[in-house]
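Only one structure is covered here, and it is reproduced in the block below.
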There are 2 protein chains.
Amino acid sequence: MTPATVQVRAGFWDTRREVNAHTSIPQGPGLLEAAGNLHNLRMAAGLAEGRFQGAYPFMDSDVYKWLEAASWQLARQAPGDAGPLAADVERIVSLVADAQQPDGYLNTWFQLLKGGERYQDLRWGHELYCAGHLIQAAVAHHRATGRTELLDVARKFADHIDSVFGPADSGKPIDGVDGHPEVETALVELYRETGERRYLDLAIYFVDRFGHGLLGHEAYCQDRVPLREATAVEGHAVRQLYLLAAAADLATETGDAELRAAGERLWAAMAATKTHVTGGLGAHHDEEDFGDPYELPNERAYCETCAAIASIQWSWRMALLTGEARYSDLVERTLYNGFLAGVSLDGERWLYVNPLQVRDGHTDPGGDQSARRTRWFRCACCPPNVMRLLASLEHYLASGDTGGLQIHQYVTGRYAGDLGGSPVAVSAETDYPWQGAIGLTVEETPAERPWTLSLRIPQWCREFRVRCADAVYDQNDTPVTDGWLRLQRVWAPGDRVVLELGVEPRLTAADPRVDAVRGCVAIEAGPLVYCLEGVDHPGGGLDDVVLDTALPLAVKHRPDLLGGITTVIAAGRRRSIPDEGWWPYRSAETTPAPPSGEPLELTAIPYYAWANRRNGSMRVWLPTS
Amino acid sequence: MTPATVQVRAGFWDTRREVNAHTSIPQGPGLLEAAGNLHNLRMAAGLAEGRFQGAYPFMDSDVYKWLEAASWQLARQAPGDAGPLAADVERIVSLVADAQQPDGYLNTWFQLLKGGERYQDLRWGHELYCAGHLIQAAVAHHRATGRTELLDVARKFADHIDSVFGPADSGKPIDGVDGHPEVETALVELYRETGERRYLDLAIYFVDRFGHGLLGHEAYCQDRVPLREATAVEGHAVRQLYLLAAAADLATETGDAELRAAGERLWAAMAATKTHVTGGLGAHHDEEDFGDPYELPNERAYCETCAAIASIQWSWRMALLTGEARYSDLVERTLYNGFLAGVSLDGERWLYVNPLQVRDGHTDPGGDQSARRTRWFRCACCPPNVMRLLASLEHYLASGDTGGLQIHQYVTGRYAGDLGGSPVAVSAETDYPWQGAIGLTVEETPAERPWTLSLRIPQWCREFRVRCADAVYDQNDTPVTDGWLRLQRVWAPGDRVVLELGVEPRLTAADPRVDAVRGCVAIEAGPLVYCLEGVDHPGGGLDDVVLDTALPLAVKHRPDLLGGITTVIAAGRRRSIPDEGWWPYRSAETTPAPPSGEPLELTAIPYYAWANRRNGSMRVWLPTS
């Protein structure tokens with residue numbers, strides 16, 4: 001499968017992308033100016049004096065991620081509509097070019113603070129990581145504008161890297177990898193954009209050199225064990241996921257069956273034992289680490305926004321590589337929950353970590369790891385990463401092959417593929433995820449050649465109905481294989497398919513080995529995970545709330561609330577907790593029977609919309625007794 | 001109340017102290033040599049050349065804590081028995097004196113690495129923290145040996161600090177505090193040892209300057225809010241607890257009612273909402289922080305060994321200040337569990353963090369925060385802290401006043417007090433905590449003056465019996481007020497009291513707001529918290545084990561196991577977990593009924609003894625369904 005061409009024209013994601021286009025991305029240059037990232041580039045270019053700004057060797061990467069986001073945005077706009085954004089992009093592209101050293105090297109931290117010493121600290125230096133983001137930006141810029149200024153910079157840097165890094169027997173000076181994978185996927189993209197095979201070979205070399213002790217065998221740096229031998233995702237979540245995305249790219253490009261098998265094995269282990277219900281990944285604040293199997297804490301869930309993005313990137317590549325719908329099931333869950341929570345509804349504030357619970361009486365540390373939305377971070381990796389994913393979201397929604405078109409994610413818009421020379425296109429209208437109905441209309445099709453329109457039936461969906469050419473099927477009489485409903489026929493323009501997915505709210509429980517949520521349920525509806533916020537439950541906190549599972553859930557559409565959401569109403573109680581003295585542990589024999597307490601109507605909102613009103617408590621998992 | 005004089009002669013704690021005396025403390029100088037702490041002192045003294053060793057500005061404090069431990073040990077030994085230990089102590093005392101600068105300042109990190117610049121980084125510099133440990137060592141050395149070499153060094157440093165630090169209007173150069181409290185309790189001790197009031201005044205000044213923004217209002221450094229206004233313990237656990245210990249000392253010395261009330265308020269909030277069942281404190285690895293109320297994770301419990309020690313020090317001061325038994329209840333719980341787990345049974349290996357769970361499939365990070373016992377740490381604060389507490393344990397066991405003698409902790413040995421000139425003494429024999437019987441014999445008493453022998457009835461104890469002068473009482477007919485059984489009479493030498501505490505194993509549950517252990521129970525017996533270890537349950541891990549609460553617990557004495565323990569045998573099952581595909585979350589409606597699975601005899605061992613055989617899984621809290 002290859003990505004299909006999708007236009008998002010209205011609906012849920014269009015709204016989020018409009019905020020991204022009109023608020024988040026335009027504010028980028030000002031924020032990068034205030035944080036000093038652009039100042040660093042000007043200093044490196046000899047255009048400014050002063051001190052290096054910022055605390056990290058990857059300050060440049062924030063600029064590159066913003067350039068990538070802005071470029072994808074430009075690609076969606078007619079040239080005349082681009083306005084000041086195009087000018088900002090060209091100005092910053094020019095600055096990046098000026099900061100590059102004659103031999104292609106570019107990293108302001110090392111140029112300005114380390115006397116130009118390079119590649120002395122591969123574990124933490126992030127030089128190739130930054131190069132990777134530069135390359136990604138350059139590919140986006142080239143595709144969006146057709147211009148080559150940034151692509152030239154990126155190629156020059158890539159050529160420089162290729163001249164420095166290689167196997168011990170290659171005669172190149174350094175046999176090494178960067179402690180933070182990222183350049184690997186970028187090099188594959190650069191190969192695809194330029195056709196230059198050397199870039200692919202360099203990516204192959206890098207991916208295979210992790211796990212061999214070049215970085216002290218640290219799991220944090222993905223160096224404990226080679227991917228080909230690994231049995232579980234481990235270490236720093238974003239690093240692991242970027243490396244796995246690159247491995248999937250290589251399996252796609254080279255047919256490497258061992259790398260594909262490693263990806264399938266590691267993805268299955270991750271999904272089954274290390275993924276929060278929101279799709280969030282990373283259990284530990286300490287080292288931003290995955291944690292152990294089934295170690296999925298709530299208030300201390302790390303779930304870095306960048307890890308959600310990296311997970312989407314990897315899972316999407318696995319979906320294209322294997323054709324299996326479960327990868328896009330996880331993409332959907334992550335998009336609507338663990339990823340989207342990372343940006344405020346107004347597009348101006350961010351979460352770096354995405355906990356599943358904030359307690360009554362929470363003492364917020366402030367800073368990057370705050371449970372309160374923040375204008376920008378000291379380590380500002382997440383905001384421009386969100387911007388670039390939202391601006392390029394259409395790349396992750398559908399695929400095509402010679403047999404047809406596969407719709408992975410449902411949006412109002414147009415999906416277009418190519419059956420080996422014959423274009424096909426389908427338009428869609430939907431109020432998903434608030435409503436489960438998706439109306440599809442064939443717009444373009446070869447006249448008499450049958451092809452397959454494949455619709456993903458989400459893993460969470462227990463009931464659906466599909467109407468196609470006057471026939472109606474449901475989950476009982478329609479073959480769904482591996483998550484795909486495959487409609488094969490000779491299509492004509494104007495043919496209609498209506499898919500109705502049951503998005504009624506439901507209660508979800510976890511594998512009993514997930515200790516953190518024993519005796520709890522989560523509320524979900526369609527692809528959305530819900531949560532309670534303290535602000536909706538005045539007169540007390542959330543620590544003493546219990547959900548009554550015997551009473552039905554109800555939905556209430558609230559166009560007035562949080563940009564328009566469907567709330568879920570549940571019955572609950574406030575537990576009365578007897579005062580048992582100074583010690584919170586007591587004889588299990590005197591455990592009170594079913595807790596009594598004041599009845600309470602519980603109002604759940606989608607998790608992605610939390611922390612947009614006022615600071616306070618929140619919880620996804622709700623005790624049932 | 002003031003501390004009574006106690007001799008520990010046999011039994012549980014005597015065994016642990018013998019290991020401390022014959023293994024842990026004697027190995028100290030070699031370990032401090034290998035880690036470079038002594039080398040740093042030699043360099044500062046001009047006796048060696050080379051590079052500073054170690055990564056922290058508090059390297060010197062490890063030496064001082066060892067000196068304190070060794071001095072307490074010397075105090076317990078007849079001079080002729082001291083052997084090479086006395087020589088080691090004098091050698092290192094002499095080295096410390098040589099490293100001190102002429103004006104009294106001493107910190108090798110700043111002398112060697114910072115060009116002698118002082119007090120430039122009070123937040124992280126640990127200069128006064130190290131001074132505090134030096135002073136504590138000096139007081140111990142003086143009491144143990146009567147010699148003044150180290151006390152002279154400590155006074156000179158304290159006088160120097162007193163010349164530098166003071167209120168803005170005092171004319172002294174710096175109005176400030178150290179980011180890590182510790183010098184404050186030490187200054188009170190120095191005042192008690194020397195009678196020099198300036199040291200007490202300096203401690204009063206320091207304690208009251210926290211919370212006023214001198215360290216940027218950071219909770220980590222105890223600078224967010226003054227103790228007098230605080231409502232919850234917060235920030236770095238050890239820092240908070242050392243500061244509170246100092247506040248209790250000041251309330252004792254000056255009668256400051258507001259500081260006493262703050263201590264009572266904060267202790268109650270800590271005990272009720274932030275204390276693990278083991279007595280362990282500190283929920284976050286990140287910043288070694290207390291965490292939120294009821295945030296008491298299992299596998300990510302931090303529970304630093306030093307925090308357990310600091311908690312014991314604070315609670316003991318509160319017990320002396322208030323006379324209330326609950327403070328010693330927490331001391332007991334912490335001693336037998338959260339503290340003692342920090343050192344291996346052979347006295348050679350240590351835990352810095354003390355989790356309550358290690359999962360099957362745990363990936364251990366190694367290093368200081370490993371769940372595997374380690375020979376020494378990069379940040380080696382805990383091992384010499386354990387050594388000094390074990391070597392001075394007799395200070396924490398009993399108190400006296402003019403009305404009698406209060407026995408807080410039960411050991412085989414001799415408790416001696418003074419009724420304002422009239423000595424009293426009681427000897428005790430017990431196999432506590434394995435058996436609940438404690439036999440007490442009056443050894444010394446005034447002839448016809450009544451006094452009160454007060455026996456703490458532990459908070460965990462539901463049934464007890466006491467025989468005194470041919471009468472027998474139990475929990476139903478004996479008045480126990482505030483945790484104390486008070487026996488007032490005219491005593492004669494040879495009078496016997498036998499207290500029998502019910503130490504049968506029991507199941508314990510937590511306040512429902514402790515989310516991490518919902519649906520779980522812990523096994524306890526007497527003051528001991530128990531745990532399961534994977535090594536005792538071959539053929540599977542612990543992640544799928546369920547305890548059957550309907551069947552009784554049994555005990556099995558195992559003199560052969562782990563130095564001689566009582567195991568608790570419980571009935572359980574291995575849960576059968578259906579394979580539900582790739583995603584670990586499922587409809588709550590299809591939750592399987594009571595889990596079936598293979599019956600299993602569960603063998604629980606005392607928590608303090610875990611991780612002494614082989615590495616593997618462990619858990620304190622056990623699911624019941």
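These values consider heavy atoms only, across backbone and side chains, with no hydrogens, waters or symmetry-generated copies. Per chain, numbering begins at 1; letters A, B, ... match sequence-line order. Only a predicted model underlies this, so the values are computations on that prediction, with no experimental measurement involved.
- Residues passing the side chain to side chain contact (heavy atoms under 4.5 Å, CB included) test with A:Gln369 are A:His285, A:Tyr302, A:Val353, B:Asp286, sequence neighbours excluded.
- Between A:Arg300 and B:Arg300, every side-chain heavy-atom pair lies at or beyond the 4.5 Å cut-off.
- Contacts between A:Phe290 and chain B at a heavy-atom distance below 4.5 Å are absent for every atom of the residue.
- Residues B:Leu330 and A:Trp582 share a closest heavy-atom pair of N-CH2, 4.4 Å.
- Against chain B, the residues from residues 266-275 of chain A that qualify, each with a non-hydrogen atom under 4.5 angstrom away, are A:Trp267, A:Ala271, A:Ala272, A:Thr275 in number order.
- The most heavy-atom pairs under 4.5 Å with chain A, out of B:His276, B:Arg506, B:Glu287, come from B:His276.
- Chain B forms the most heavy-atom pairs under 4.5 Å with one residue out of A:Arg224, A:Arg619, A:Glu218, A:Glu234, and that residue is A:Arg619.
- Of the atoms belonging to A:Trp621, it is side-chain heavy atoms, and not backbone ones, that fall under 4.5 Å from chain B.
- Using a 4.5 Å heavy-atom cut-off against chain B, no residue of residues 523-530 of chain A qualifies as contacting.
- Among A:Arg333, A:Gln357, A:Arg462, the residue making the largest number of heavy-atom pairs under 4.5 Å with chain B is A:Arg333.
- Heavy-atom distances place both the backbone and the side chain of B:Pro293 under 4.5 Å from chain A.
- Between the side chain of A:Arg586 and the main chain of B:Thr508, no donor-acceptor pair closer than 3.5 Å is present.
- Only the side chain of B:Glu299 has a heavy atom closer than 4.5 Å to any heavy atom of chain A.
- Residues of residues 511-519 of chain B lying under 4.5 angstrom from chain A, judged on non-hydrogen atoms, are B:Asp511, B:Pro512, B:Arg513, B:Asp515, B:Ala516, B:Arg518, B:Gly519 by number.
- Closest approach of B:Tyr585 and A:Val277 over heavy atoms only: OH-N, 3.3 Å.
- The backbone N or O of A:Thr363 sits less than 3.5 Å from a side-chain atom of B:Asp292, completing a donor-acceptor pair.
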Q: Apply side chain to side chain contact (heavy atoms under 4.5 Å, CB included) to B:Trp583 and A:Arg326, showing your working.
A: CA-CA 9 Å; B:Trp583 186 237; A:Arg326 60 183 177 146; over 6 Å; no
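- If you take CD on B:Glu295 and CZ on A:Arg359, they are separated by 6.0 Å, rounding to the nearest 0.5 Å.
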